[in-house]
Participant: 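Can you read through this structure? Questions will come right after.
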Amino acid sequence: MPKILLPKDFTFGVATSAYQIEGAWNEDGKGPSIWDTFTRTPGKVAGDVPGNRGVEHYQRYREDVALMRDLGIESYRFSLSWSRLMPEGAGRVNQAGVDFYSRLIDQLLEQGIAPNVTLYHWDLPQALEDRGGWVTRDVVGWFGDYAALVFDSYGDRVRRWATLNEPISIWVGYGMGAFAPGRSDEKAARQAMHNALLAHGRGVEAFRAAGSPGEIGIVLDIWQRHPATDKPEDKALAADDEDNGFRFFLDPLLGGGYSERLTQRLTAAGTMPEIEAGDLELIATPIDYLGLNVYSRVVVSAEHYNPKWWVADEWHPGGNFLDNGMEFYPKAVYDAIHMVKTDYGFDRPIFITENGVSDGKTLADPLEDDERIAYVGAFLEWIAKAIDEGADVRGYYLWSLLDNYEWAAAYTQKFGIVHVDLETMQRTPKKSALWYRDVIRSRGV
Ligand code: IFM
C-alpha cells in the first residue's frame with residue numbers, strides 16, 4: 001500500500017519529442033529542421049554527433065507503444081515534426097508524414113494510451129528559418145496554417161494538445177546561440193519570443209475554429225530563482241532572471257501584458273520587442289490548461305553569475321546535488337503550482353508535463369537507476385501535497401520514456417526510464433520503469 005496516494009483520475013504518463021527520438025531525418029519526404037542543420041554543423045553539439053537517427057522511433061514506434069502498454073502508461077506526450085508534415089514549413093503537405101502520426105495515434109488508442117500532442121518542440125522547418133524564422137511575424141501565419149492541418153488530421157482522435165513546448169528555447173537559440181539556429185542577437189531573440197507567443201495564440205484560435213473536442217494549452221518550464229543571499233544584488237538578479245525566463249511568457253499569457261519591470265529594462269537595452277495593436281489580446285486567448293515542466297530551481301548569486309545555469313559550473317549554489325550535477329529540490333514542483341495561482345490567479349487545470357533526471361555521472365549499471373526513483377518519487381509526493389491542499393493538478397508526465405538525443409549534449413545525457421543501446425537500438429526497461437509501473441498500478445508512491 002503506497003504512503004502517498006494520487007487521485008483516482010490522475011493521469012500518469014511519459015513524454016518525448018520528435019527530434020529527440022524519431023530519427024529518419026530525411027526519410028519519406030521529411031524536410032530538414034533547424035536542429036538537423038545545427039547538429040550537423042561542426043562545433044555545435046557534444047562530440048559533433050548529430051541527431052539524425054534519434055533513437056529510431058520512426059521505425060520502432062510499434063515496439064515503443066507496446067513498451068508503454070506493458071508499463072501501464074496511461075498517456076503519451078509527444079511532439080510532431082513540422083517539417084515531416086510540411087517539408088517547407090508552409091504550403092505543400094507530406095502525406096507520408098501525416099500517415100505516420102496517424103498510425104502512431106491509432107496504435108496508442110488501440111493500446112488504451114491517451115495521446116497528448118505538442119505541435120512545436122523546438123524543430124522549426126529549416127525552410128522557414130531561411131525566410132526569417134521566429135524573428136519574422138510571418139511565422140504567426142505559418143504556424144496557424146500548420147496548426148489547422150494538424151487539427152484537421154488528428155482532431156478526431158486526440159483530446160489533449162499543447163501549442164509550444166518551452167518557448168524559452170527560442171532565447172537560447174536566437175539570443176545565446178547555444179541551441180538551433182545558433183544566433184546570438186538579443187533584439188532578434190526577444191522579437192522571436194514575442195512572435196512565438198503570437199503563434200501560440202493563433203494556434204489556440206485554429207483549435208477553436210476546428211471545433212474538435214478536447215483541450216489545448218501551452219507548456220512552460222519553470223525554474224524559479226532563489227537569491228543566494230539577502231543582498232539586494234542577488235534579489236535583483238533573481239527577479240531579472242525570472243522576468244527573462246518563464247515570466248516573459250506567463251505575464252502576457254495570464255497577466256495582461258509584459259511587466260513594467262521587464263519593459264523598462266528591455267527598452268533601456270533596446271531589445272524590447274515590437275508589439276502591434278491586438279497582439280496582447282491574441283497572446284491572452286484563453287487556454288484550457290497549463291503545462292508545467294519542473295526539474296529544479298536555480299539559486300542565483302551576483303558574485304558567481306552563471307547565465308548558462310543548466311550547465312553546472314564549479315561554484316554550486318544551493319545544496320543537495322544529484323550525481324548529474326543538478327540540485328535535488330523536489331519542492332520546486334509544489335512552488336511552481338502555487339506560483340501560477342498566487343502570482344497569476346490561474347485556476348484552471350495544471351499538468352506537470354515534464355519532470356525527470358538524467359543518469360548520474362558515476363552510475364555503474366545503467367539499469368540500476370535508483371537515484372531517478374528517489375527523484376521522481378519525491379516530486380510525486382510534493383504534487384500529492386499540492387493536490388491535498390486544493391490545487392487542480394490532473395497529471396504527471398515523466399521525462400522521458402527513452403534515453404534519447406539531449407539537444408546540444410547529444411547522446412551524453414540519458415533521461416530515459418528505458419535504456420537504449422545506441423549500437424543496436426535495443427530497448428531495455430530500467431529499474432525506474434518497473435518502479436513507475438508499480439506506482440501507476442498502486443496509484444501512489
Ligand atoms: O530533453 C529536454 C526536453 O526536450 C525539454 N525539457 C527538458 C528536457 C531535459 O533537458
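Side-chain atoms are counted along with the backbone in the values below, which use heavy atoms only and exclude waters and symmetry mates. One-based numbering along the sequence shown. Read the numbers this way: they start at 1 and go in the same order the structure lists the ligands and their atoms.
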Participant: Kindly indicate, with the supporting measurements, whether the criterion ring pair (Phe, Tyr, Trp, His ring centres under 6.0 Å) is fulfilled by F179 and F38.
Facilitator: CA-CA 8 Å; F179 279 178; F38 188 74; 7.6 Å; no
Participant: Indicate yes or no: does R261 engage D243 in a salt bridge with an N to O separation below 4.0 Å.
Facilitator: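 Salt bridge flag = yes for D243 with R261.
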Participant: Short list, please: which atoms of ligand 1 are under 4.0 Å from a heavy atom of H121?
Facilitator: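 Heavy-atom distances to H121 below 4.0 Å select 3 (C), 4 (O), 5 (C).
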Participant: Testing the basics here: between I283 and L253, what is the closest heavy-atom pair and its distance to 0.1 Å?
Facilitator: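 The answer is O-CD2, 3.5 Å.
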Participant: Under 4.0 angstrom from ligand 1, any heavy atom of Q413?
Facilitator: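 It does not, in that no heavy atom of Q413 comes within the 4.0 Å cut-off of ligand 1.
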Participant: Would you name the heavy atoms of E354 and W399 that are closest together and state the gap between them?
Facilitator: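 Smallest heavy-atom distance, with atoms named: CD-CE3, 3.5 Å.
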Participant: Using a strict cut-off of less than 4.0 Å between a Lys/Arg side-chain nitrogen and an Asp/Glu carboxylate oxygen, indicate whether D251 and R247 qualify as a salt bridge.
Facilitator: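 Result for this pair is no, no salt bridge flagged.
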Participant: Could you list which atoms of ligand 1 come closer than 4.0 Å to a heavy atom of E354?
Facilitator: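 In order of number, 3 (C), 5 (C), 6 (N), 7 (C), 8 (C).
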Participant: If the cut-off is 4.0 Å to any non-hydrogen atom of Y295, which atoms of ligand 1 fall inside it?
Facilitator: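 Going through ligand 1 atom by atom, the ones under 4.0 Å from Y295 are 6 (N), 7 (C), 8 (C), 9 (C).
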Participant: Taking only heavy atoms of E406 into account, list the atoms of ligand 1 that are under 4.0 Å away from them.
Facilitator: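 Those of ligand 1 that fall under 4.0 Å from E406 are 1 (O), 2 (C), 9 (C), 10 (O).
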Participant: Taking only heavy atoms of E166, which atoms of ligand 1 are found under 4.0 Å from at least one of them?
Facilitator: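 Those atoms are 5 (C), 6 (N), 7 (C).
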Participant: Could you check whether W142 and W82 have their ring centres less than 6.0 Å apart?
Facilitator: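 Not under 6.0 Å, so no.
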Participant: Enumerate the atoms of ligand 1 whose separation from the nearest heavy atom of W407 is less than 4.0 angstrom.
Facilitator: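 The list of qualifying atoms is 1 (O), 2 (C), 3 (C), 4 (O).
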Participant: Any N or O of W399 that comes nearer than 3.5 Å to an N or O of ligand 1?
Facilitator: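 Indeed, backbone or side chain, W399 has an N or O that close.
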Participant: For ligand 1, is there an N or O atom under 3.5 Å from any N or O atom of W122?
Facilitator: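 No, there is no polar N/O contact under 3.5 Å.
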Participant: Judged by modelled atom types alone, do Y76 and D64 share a side-chain donor-acceptor pair under 3.5 Å?
Facilitator: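 Side chains of Y76 and D64: no pair found under 3.5 Å.
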